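To keep things clear, I will list the structure first and then write my remarks on it.
Owing to the predicted nature of the structure, the values given are computational and were not obtained by experimental measurement.
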Amino acid sequence: MAAAVRTTCAYCGVGCGIRATVTGPRAVTIAGDPEHPANFGRLCSKGTHLGETVGLEGRLLSPMIGEQPAGWDEALNLVAGKMRDCIAQHGPDSVAFYVSGQLLTEDYYAANKLLKGFVGTANIDTNSRLCMASAVAAHNRTFGEDVVPCSYSDLEEADLVLLVGSNTAWCHPVIWQGIEKARETRGTKIVVIDPRRTETAEQADLHVQVAPDGDVALFNALLREMQRRGLAGEAAWDGLDCDPGVAADAFARLADMVAAHPRMVTLFSMGANQSVGGTDKGNAIVNLHLATGRISTPGAGPFSMTGQPNAMGGREVGGLANTLACHLGFSDAERADVASFWQTDRLCGGPGLKAVDLFRAVHDGRVKFLWVMATNPAVSMPDAGFVREALARCETLVVSDVIADTDTARLAHVRLPALAWGEKDGTVTNSERRISRQRALFTAPGEARADWAIVADVAQRLGHGDAFAWHNAAAVFREYAAMTGLAPRHGKVLDLTALADVSDAEYEALDPVQWGGRHPLAGRAGAKLVPVAPTVRTVDPAFPLRLNTGRYRDQWHTMTRTGLSPRLSQHRREPLLEIHPRDAAQAGLVDGGLGRVFTPHGAATFRVAVSEGQRRGEIFVPMHWTDAMAGEGRSNRLVAPNVDPVSGQPAFKNGAARVEPVLPDWRAFLICEDAPAPQGLLWWTRSRVEGGWLSELAGEGMVDVDALLPEGRRLEVADAGRGMRRIVVLGEDNAVRAALYVTRSGQLPARDWIAGQLGLGGAAPQELLAARPATPAPDRGPIVCVCHGVGTKAILAAAGAGACSVAAVGAATAAGTNCGSCRPAIARLLADIVQPATEVAA
Ligand code: SF4
């Protein structure tokens, strides 16, 4: 067997180390790297199942001009020619790049250098704008630089962890496991400040169910309260003396916990950042830490978690439109240093367009050439319908990606095949500023190439070859590391010059290295409180509900990778509309039925999940589903393009909405080898099962079975009186090719067993039509533990037999004993039957 390769996970900003062992041409086994300081061997469900996503299904494997395959020369000549023409006719600002936290640092560096240094525009922004730009702005306002002032080890040494707008157990599961461990070993208290009662909130010692966008008021009031108790220094500004926005006893309990625990880390994430007041929220949090001296000491600090694997690397090289490079801005002195380092006389003059403005400029024709790298803005941007229109209007849209047919790639004039995780070779930086190598496991498939190399080839065709003459990723990294030597000249902390001379062999063997050390701001003066005040938002009576969007535990972004994994698809097969029971009743929605969400920007349909975890007046839908995975179920068409005025980060939280029931004539599910994209239905979604797809469908009128089913021998049963129809399609070898179950008013059968028959023969016709075997195995219920395939029923049975802790359930069923991502869900089930509920303070 091949030796394990040390690399890093493809997904979130925790940046877990992985040991990957290649077991076949496109097969790999995954284990946590016990020596990586980010995770010490732990992985969550997404990282654990990375091996299910490394196949070549759906890959873009050669350059495409329109729908025609092209050679690299032809495609790159076209791209460079269009760029050159655009610059000549309309100026540098008519060109833009929209890049991604999925890129490696070397890719980011190359793209940033080409656009800002040699095209002469700063119109390069990144999808990290959607994730943590507000935290960046808050850091810049307070510290004068975008620096995360603490490290993961502070979470282990904290006595109190405040989690603000973070469903950590789902979105940064390995961090959550570290916090749980701190609770076990040192009694660390956990407070969740979040409008939703998430699985994280359920595990907390205290859940403060703050109103949407109520964080600034809460943290200002906490600061004032700490001053009253003699625990905070002087601070005074309008808006500091505000109502905390939560009940008096809740605030008192929170304040007592904060006062009693000087070793306090506040971890904040998208729930804080993705807001029209996201920067102020970040500063309100940092203010509390600064005023109480809880920063740059062991177990203390404000800690912004990034969403993407290399959002931090992008911030460092300067991939945001409002940074020049290497934490430097656009002052004359900074520009002069950068121009000298790059040896260019074409350096951009000032900041470029941030994401939302960038797509507005594409829409109105100011930007005529757009190159999108490794991201899917047609789905992920707010007001995604408008963005799609902008992309369709763009004179030249270039997309470099690993997937051939994303919602964005469909609109591209030129598609360029890029390397995927497992093929790329370079570095990423995680949330605690730790740089790790991401290493190639497989040879590049087809004609796919590294993004930095594609950019360098275009630069060469534009006449800048000397500045982009790197022969490998190590050479790009060395140049970037050397360039960070400019940052200290301007008072910045970023400095990687110690790595500027690594040889190719040293780069290849590079161990994870954290820049700035554990507390990079320790001993540095100059951090300052930033006065922030709560904002009041008016409610439009036509849209009385507040809409919140967010992530699911086992999916990632627009599902182009995690959506390929049958196991990861088990956790949540569909996007759900979560709503409080009384709001649901008021709107006529029922649990398991369909509901349509309307906002001033669009509408989308979801299955309804009635939940006490939602505050009254608020609804939640997930962000992941695209047109390829759901009809009418794309959440970002609902989101307004409102942005934080400082950071430019869009507000994916706290939108205005209303809901209505959707009452289809029929509902159905379809198991099929191929993935149909049904037309003319009220709603559909699909998810991966072994050997094919499971689609859920609902429509009006008659079901067009011929449009849904493949050719083959059909078994069929129907009951017109009950509106029931079941059809199974067999291939020549009698293997099941598809199965469709329709009802007009009754129940549909369970999906698990029949999904497992796909591609198999041997079951009796009656069994197939009934969708269950003659002797059914015990029903597992919804799957909780995807690693071991354990459902709710087995867990509840174990609890009934005396297993009253997560560990005991693990011992009895194996659930939660591998990656541990499902442990909060197990705890939730146990809490319902054997444990008192966590305190909730609203
Ligand atoms: Fe990957 Fe999970 Fe670690 Fe995030 S927490 S880096 S998704 S294994």
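With hydrogens and angles disregarded, no donor-acceptor distance shorter than 3.5 Å links the side chain of N322 to the backbone of P351. H207 places a side-chain N or O within 3.5 Å of a backbone atom of D194 that can act as its donor or acceptor partner. When atom types are taken as modelled, the side chain of S134 and the backbone of S647 share no donor-acceptor pair closer than 3.5 angstrom. Put simply, the side chain of R129 never gets that close to the backbone of K354: no donor and acceptor are under 3.5 Å apart. Of the possible donor and acceptor atoms, none in the side chain of H49 sits under 3.5 Å from a partner among the backbone N and O of I30. Q649 contributes a side-chain N or O that, together with a main-chain N or O of C131, makes up a donor-acceptor pair within less than 3.5 Å. Put simply, the side chain of S100 never gets that close to the backbone of N127: no donor and acceptor are under 3.5 Å apart. In terms of modelled atom types and a separation under 3.5 Å, the side chain of N220 and the main chain of G239 share a donor-acceptor contact. Judged purely by atom type and a 3.5 angstrom limit, R294 has no side-chain atom pairing as donor or acceptor with the backbone of V265. Distance alone, capped at 3.5 Å, is enough to place a donor-acceptor pair between the D154 side chain and the G299 backbone.
The two residues V276 and V643 have their closest heavy-atom pair at CG1-O, 3.9 Å. Pairing each heavy atom of W421 with each of T8, the nearest pair is NE1-O, 2.8 Å. Here the shortest heavy-atom pairing between A533 and V216 reads C-CG1, 3.6 Å. The two residues L222 and L254 have their closest heavy-atom pair at CD1-CD2, 3.9 Å. In this structure, Y108 and G101 approach most closely via the heavy-atom pair OH-N, 3.5 Å. Heavy atoms only, all atoms of each residue included: P302 and I285 are closest at CB-CG2, 4.1 Å.
You'll find the side chain of M312 reaches within 4.5 Å of the side chain of V148, heavy atoms only. When side chains are defined from C-beta on, F303 counts as touching L155, because their heavy atoms get closer than 4.5 Å. Between C171 and M270 the shortest side-chain heavy-atom distance does not fall below 4.5 Å. Two residues are said to be in side-chain contact when any heavy atoms from C-beta on lie closer than 4.5 Å; N548 and E618 fail this criterion. Between T126 and L320, some side-chain heavy-atom pair lies under the 4.5 Å cut-off. R197 is not listed as a side-chain neighbour of S611, based on a closest heavy-atom distance of 4.5 Å or more. Using a 4.5 Å cut-off on side-chain heavy atoms (C-beta onward), T375 and T408 make no contact. S635 is not listed as a side-chain neighbour of H624, based on a closest heavy-atom distance of 4.5 Å or more.
Ion pair R553/E199 not flagged as a salt bridge, since none of the NZ, NE, NH1 or NH2 atoms sits closer than 4.0 Å to an Asp/Glu carboxylate oxygen. Salt-bridge check for D213 with K653: failed, with every basic side-chain N at 4.0 Å or more from each acidic carboxylate O.
Here T427 contributes atom OG1 and I435 contributes atom CD1; the two are 6.5 Å apart, rounded to the nearest 0.5 Å. L218 contributes atom CG, which lies 6.5 Å from atom CZ of F251 (distance to the nearest 0.5 angstrom). Annotation: the span from R637 atom CZ to H601 atom NE2 amounts to 14.0 Å, rounded to 0.5 Å. Between atom CZ of residue R141 and atom CG of residue D146 there is a gap of 13.5 Å, rounded to the nearest 0.5 Å. Rounded to the nearest 0.5 angstrom, E156 CD and R183 CZ are separated by 15.5 Å. Atom CD of residue Q177 and atom OG of residue S821 lie 6.0 Å apart, to the nearest 0.5 angstrom.
Counting heavy atoms of neighbouring residues, nucleotides and ligands inside a 6.0 Å radius, atom NZ of K189 does not exceed 12 of them.
Shown are L160, I179, T168; of these, the side chain to side chain contact (heavy atoms under 4.5 Å, CB included) with I190 is made only by I179. Of the candidates D280, V286, T266, F219 forms a side chain to side chain contact (heavy atoms under 4.5 Å, CB included) with just one, namely T266.
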- [ ] Begin from the C-alpha positions of E316 and W515 and carry the test side chain to side chain donor-acceptor pair (under 3.5 Å) through to its verdict.
- [x] CA-CA 11 Å; E316 289 163 4; W515 66 261; 2.6 Å; yes
TODO: Determine, stepwise, if the pair E432 / C150 fulfils side-chain contact (heavy atoms from CB on, under 4.5 Å).
DONE: CA-CA 7 Å; E432 62 163 359; C150 45; over 6 Å; no
- [ ] Would you sort out whether Q274 and M623 count as a side-chain contact (heavy atoms from CB on, under 4.5 Å), showing the intermediate values?
- [x] CA-CA 13 Å; Q274 292 177 332; M623 60 179 268; over 6 Å; no
Task: Chi angles and distances behind the side chain to side chain donor-acceptor pair (under 3.5 Å) call for S153, R518 - done: CA-CA 8 Å; S153 56; R518 181 177 175 187; 3.1 Å; yes
Open item on the list: As a quick check of understanding, evaluate side chain to side chain donor-acceptor pair (under 3.5 Å) for H139 and S304, giving each step before the final call.
Closed with: CA-CA 9 Å; H139 292 156; S304 153; 5.0 Å; no
- [ ] Could you check T53 against S565 for side chain to side chain donor-acceptor pair (under 3.5 Å), going step by step and ending with a plain yes or no?
- [x] CA-CA 6 Å; T53 68; S565 164; over 6 Å; no
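Taking the six-membered ring for Trp and thresholds of 30 and 60 degrees, F620 and Y552 have ring planes inclined between 30 and 60 degrees apart.
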